[in-house]
Protein chains: 2
Amino acid sequence: MGQRNDYSELVARVAGEGANAWDTHYDALAARERGEDVVILSVGDPDIDTPVPIVDRAVAALRGGDTHYAPLAGRAPLRAAIANLHESRTGQKVGSENVIFLSGAQNALFAASLCLAGPGDEVISCEPMYPTYPATIEVSGAKLVRVAAGADFRVDLDALERAITSRTRALFIATPNNPSGVILSERDMGVIGDLARKHKLWVVADEVYAGLAPGGKVPGLAAQLPDQVVTVSSLSKSHAMTGWRAGWMVGPAALIGHVESLVLCMLFGLPGFVQEASLTALGMAVEAEAATRAYCGSRRDIFIEGLMGAKGLRCHVPDAGMFTLVDVSQTGLTGREFVKQLFAAERVSVLDGAMFGEATRGFVRICFGAEPAALREACDRIQRFTASLAKKV
Amino acid sequence: MGQRNDYSELVARVAGEGANAWDTHYDALAARERGEDVVILSVGDPDIDTPVPIVDRAVAALRGGDTHYAPLAGRAPLRAAIANLHESRTGQKVGSENVIFLSGAQNALFAASLCLAGPGDEVISCEPMYPTYPATIEVSGAKLVRVAAGADFRVDLDALERAITSRTRALFIATPNNPSGVILSERDMGVIGDLARKHKLWVVADEVYAGLAPGGKVPGLAAQLPDQVVTVSSLSKSHAMTGWRAGWMVGPAALIGHVESLVLCMLFGLPGFVQEASLTALGMAVEAEAATRAYCGSRRDIFIEGLMGAKGLRCHVPDAGMFTLVDVSQTGLTGREFVKQLFAAERVSVLDGAMFGEATRGFVRICFGAEPAALREACDRIQRFTASLAKKV
């Protein structure tokens with residue numbers, strides 16, 4: 001093969017920093033597989049197991065022979081149940097035709113990206129930004145336009161407005177945000193809604209962590225701008241179902257039809273037993289979300305307490321979710337160096353904040369969704385690590 | 001939103017005939033869900049259940065809490081087991097770094113398409129062609145160049161050579177073919193290999209049905225052209241695991257790396273319990289494939305016998321697999337009319353051959369992977385339907 005043109009141009013768009021953000025995380029996973037003593041706080045994957053009734057339903061479906069092809073967009077009762085949950089969270093009246101079941105929220109963001117923009121278009125997203133976003137947005141051929149974070153990692157609404165051009169097609173927003181845990185306010189959303197209306201923009205709302213916000217919902221635009229808002233969510237975080245790959249998109253029926261055509265060539269449907277388990281999960285959403293919120297609150301408290309007094313660290317306390325951003329700039333290390341050296345010295349994996357944008361450079365993102373003993377152990381190790389750094393200085 | 005530019009150009013590329021090919025099939029699925037008496041022969045989904053040890057492994061994994069994120073490319077032991085199966089089928093020496101686990105072979109074809117070609121490129125595929133291929137190939141922005149079928153649905157090697165231009169990047173071939181069941185010969189593959197070498201083309205070999213071919217393998221190019229051949233396969237057909245979405249791609253390590261970056265934004269990994277079940281499946285590949293081959297043979301015989309004497313029908317007997325093409329042109333109906341009228345009159349769903357290309361226009365594709373009683377019933381209904389058509393003429 002010719003050296004230069006072996007692969008499509010797309011491969012460069014999906015590579016890059018985002019794809020490397022997880023290097024230490026994967027080193028940590030590999031070390032754990034080898035039986036080594038590591039604490040993994042680099043991914044938002046709570047240590048709790050999926051609730052038993054959900055597992056039971058999957059098992060019953062598997063035992064009952066539910067191992068054949070399923071409808072591309074998901075089974076009708078599942079789509080209806082997602083529509084119900086969405087309606088109760090957002091107030092937007094939707095039916096099954098507005099819903100498609102996908103392989104996790106990441107897959108839903110990917111599908112939205114491909115169907116809403118392309119070469120020559122611009123798509124805006126605000127920092128701090130989840131590391132998969134650049135690839136997810138640029139995979140379509142569109143250009144990602146980044147908006148720098150405002151104070152306390154909030155959206156800088158003026159900067160957002162300035163970023164809009166005649167080429168802008170869509171705005172991807174995450175609320176609650178990963179990594180900052182910031183929930184956009186009613187006022188923030190009002191301004192964003194006005195901009196979307198004025199410039200005829202799609203708003204892709206990544207609400208994966210909405211179930212973990214106080215009351216299980218966040219301010220949003222879906223009810224006001226039903227023809228322009230695409231809501232993406234999943235069971236991963238709210239129901240401790242990260243590994244199931246159970247997510248969805250809610251939006252205009254025409255978009256859902258386009259995504260269904262995409263699914264035909266992208267996935268050809270998803271497992272029926274995962275869909276049945278997801279239906280059970282949706283039937284217990286209120287309890288599951290309440291349990292996960294309580295879990296996040298208690299683990300956050302353990303973690304914040306465990307890090308108190310750590311030399312050179314400063315924790316940003318999140319509105320919601322299972323992450324905290326920790327400012328490590330006073331240690332004299334960059335975020336990336338901190339991540340690498342912490343893992344090398346103490347076998348605790350966290351994520352470099354620089355992967356989320358400029359405002360979080362000098363920070364690391366730590367997931368506190370871990371077993372209490374492991375979390376306390378991790379805090380002790382981080383304390384020891386920062387103490388050792390302080391000595392060197 | 002502006003009416004004209006609501007969606008990306010990609011949505012038109014993934015829509016079209018391919019996406020409509022399944023209309024009657026989905027009507028039939030919906031009718032079955034409503035409890036109606038339908039026989040579905042429109043999809044390659046055998047009526048047999050996934051072997052019990054595979055289900056058992058999934059259940060044990062679920063019960064054991066294997067519900068968390070898994071590595072993007074698939075777990076190491078699974079990738080190694082796929083490498084082993086591939087090596088035994090093709091003779092190509094590969095390791096885990098040449099393998100990525102994906103959400104079914106369709107997802108693997110999609111990923112190959114995106115990583116190997118793009119706007120301005122041409123990708124060749126031969127008719128008869130599985131209806132998802134046009135969207136799968138053109139989703140990347142590349143242009144699909146169709147090669148018409150030769151005699152008996154074999155590849156027309158001269159036409160294939162004439163189709164190659166300086167823009168050609170890849171050739172997608174399916175062997176055994178769906179819908180024809182044709183297995184490309186050593187000689188066919190030799191010529192294709194020479195063309196691929198001469199023009200530096202990628203060869204994407206869709207070998208989803210290879211396990212159902214006599215001896216569980218087909219002539220291929222992977223061992224001779226390891227830097228240019230991408231092999232796609234799955235457990236769907238060989239292990240009665242259609243609904244699990246368990247497939248893979250085997251190819252150069254650099255390609256696998258690119259696909260892994262794509263997976264980060266497309267899927268973010270796949271369920272661990274599906275991976276564990278797939279590992280169990282790979283450990284019993286020889287028995288499972290032999291059982292499926294015996295199954296296909298016996299069902300084919302029931303079907304061919306059941307259709308004997310049907311007015312105006314002529315069956316093409318496949319080399320392998322679970323489909324037969326039936327020439328319906330003597331009934332006076334187009335394939336599409338035959339599909340619609342057969343379903344309306346007798347509630348038997350089959351697929352219009354025109355969806356696979358010109359050579360299969362006037363044919364319908366029938367999957368004989370159904371329970372014997374249902375298959376006999378379907379044959380009786382088809383006989384009754386064709387008799388009723390003969391009366392009208």
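All chains are named by letter (A, B, ...) in the order of the sequence lines, taking the proteins before the strands, and each is independently numbered beginning at 1. Since the model is a prediction, treat every value here as computed from it, not as a measurement.
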Please look at [X] and chain B and tell me whether the side chain, the backbone, both or neither of the residue comes under 4.5 angstrom of a heavy atom of that chain.
{"X": "A:A254", "result": "both"}
{"X": "A:A135", "result": "both"}
{"X": "A:Y133", "result": "neither"}
{"X": "A:M266", "result": "both"}
{"X": "A:Y26", "result": "side chain"}
{"X": "A:L72", "result": "both"}

- Message: Per the salt bridge (charged side-chain N to carboxylate O under 4.0 Å, His left out) rule, what does the pair list look like for residues 261-277 of chain B, sequence neighbours excluded?
- Response: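 Every salt bridge (charged side-chain N to carboxylate O under 4.0 Å, His left out) pair that includes a residue of residues 261-277 of chain B, provided the two are not neighbours, is B:R57-B:E276, B:R75-B:E276.
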
- Item | Residue among B:Q106, B:R13, B:H68 with most heavy-atom pairs under 4.5 Å to chain A |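 Winner by heavy-atom pair count: B:H68.
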
- Task: Flag the one option from B:L10, B:D66, B:V139 with the top tally of heavy-atom pairs under 4.5 Å to chain A.
- Result: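 Option with the greatest count: B:L10.
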
- Message: Test your reading of the model: is there a side-chain donor-acceptor pair from A:W202 to the backbone of B:D6, 3.5 Å cut-off?
- Response: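 Yes; at least one donor-acceptor contact below 3.5 Å.
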
Closest approach of [X] to [Y] (non-hydrogen atoms, all atoms of both residues):
{"X": "B:A277", "Y": "B:A58", "answer": "CB-CB, 3.9 Å"}
{"X": "A:T292", "Y": "A:S238", "answer": "OG1-O, 2.8 Å"}
{"X": "A:P271", "Y": "B:R245", "answer": "CD-CG, 3.8 Å"}

- Query: Taking everything shown except B:R167 itself, do over 12 heavy atoms lie less than 6.0 Å from its CZ?
  - Reply: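 Open.
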
- Task: Evaluate whether atom CD of B:E9 has more than 12 neighbouring non-hydrogen atoms of other residues, nucleotides or ligands under 6.0 angstrom away.
- Result: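 Open: at most 12 neighbouring heavy atoms sit under 6.0 Å from CD of B:E9.
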
- Item | Short side-chain donor-acceptor distance under 3.5 Å, B:S349 and B:S42 |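 Their side chains do contain a donor-acceptor pair, which is all the 3.5 Å distance test asks for.
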
- Name, in order of residue number, those residues of residues 46-53 of chain B that have a heavy atom at a distance of less than 4.5 Å from a heavy atom in chain A; otherwise write 'none'.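 Residues in range: B:P46, B:D47, B:I48, B:D49, B:T50.
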
Among the options [options], pick out the one with the most heavy-atom pairs lying under 4.5 Å from chain B.
{"options": "A:M241, A:E33, A:R63, A:E260", "result": "A:R63"}
{"options": "A:V43, A:L255, A:V55", "result": "A:L255"}
{"options": "A:L114, A:L270, A:T136", "result": "A:L114"}
{"options": "A:L29, A:L102, A:V274, A:L62", "result": "A:L62"}

- Query: Does any non-hydrogen side-chain atom of A:S125 lie less than 4.5 Å from one of A:L144?
  - Reply: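 Yes. Closest side-chain heavy atoms under 4.5 Å.
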
- Item | Test side chain to side chain donor-acceptor pair (under 3.5 Å) applied to A:Y130 - qualifying residues, sequence neighbours left out |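 If we apply the side chain to side chain donor-acceptor pair (under 3.5 Å) test to A:Y130, skipping adjacent residues, there are no hits.
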
- Task: Apply the ring-ring contact (aromatic ring centres under 6.0 Å, His included) test between B:W244 and each candidate in A:Y69, A:F268, A:F273; give the one that qualifies.
- Result: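 It is A:F273; the other options fail the test.
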
- Query: Who are the side-chain contact (heavy atoms from CB on, under 4.5 Å) partners of B:S96, not counting sequence neighbours?
  - Reply: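 Counting only residues at least two positions away or on another chain, B:S96 forms a side-chain contact (heavy atoms from CB on, under 4.5 Å) with B:R79, B:A80.
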
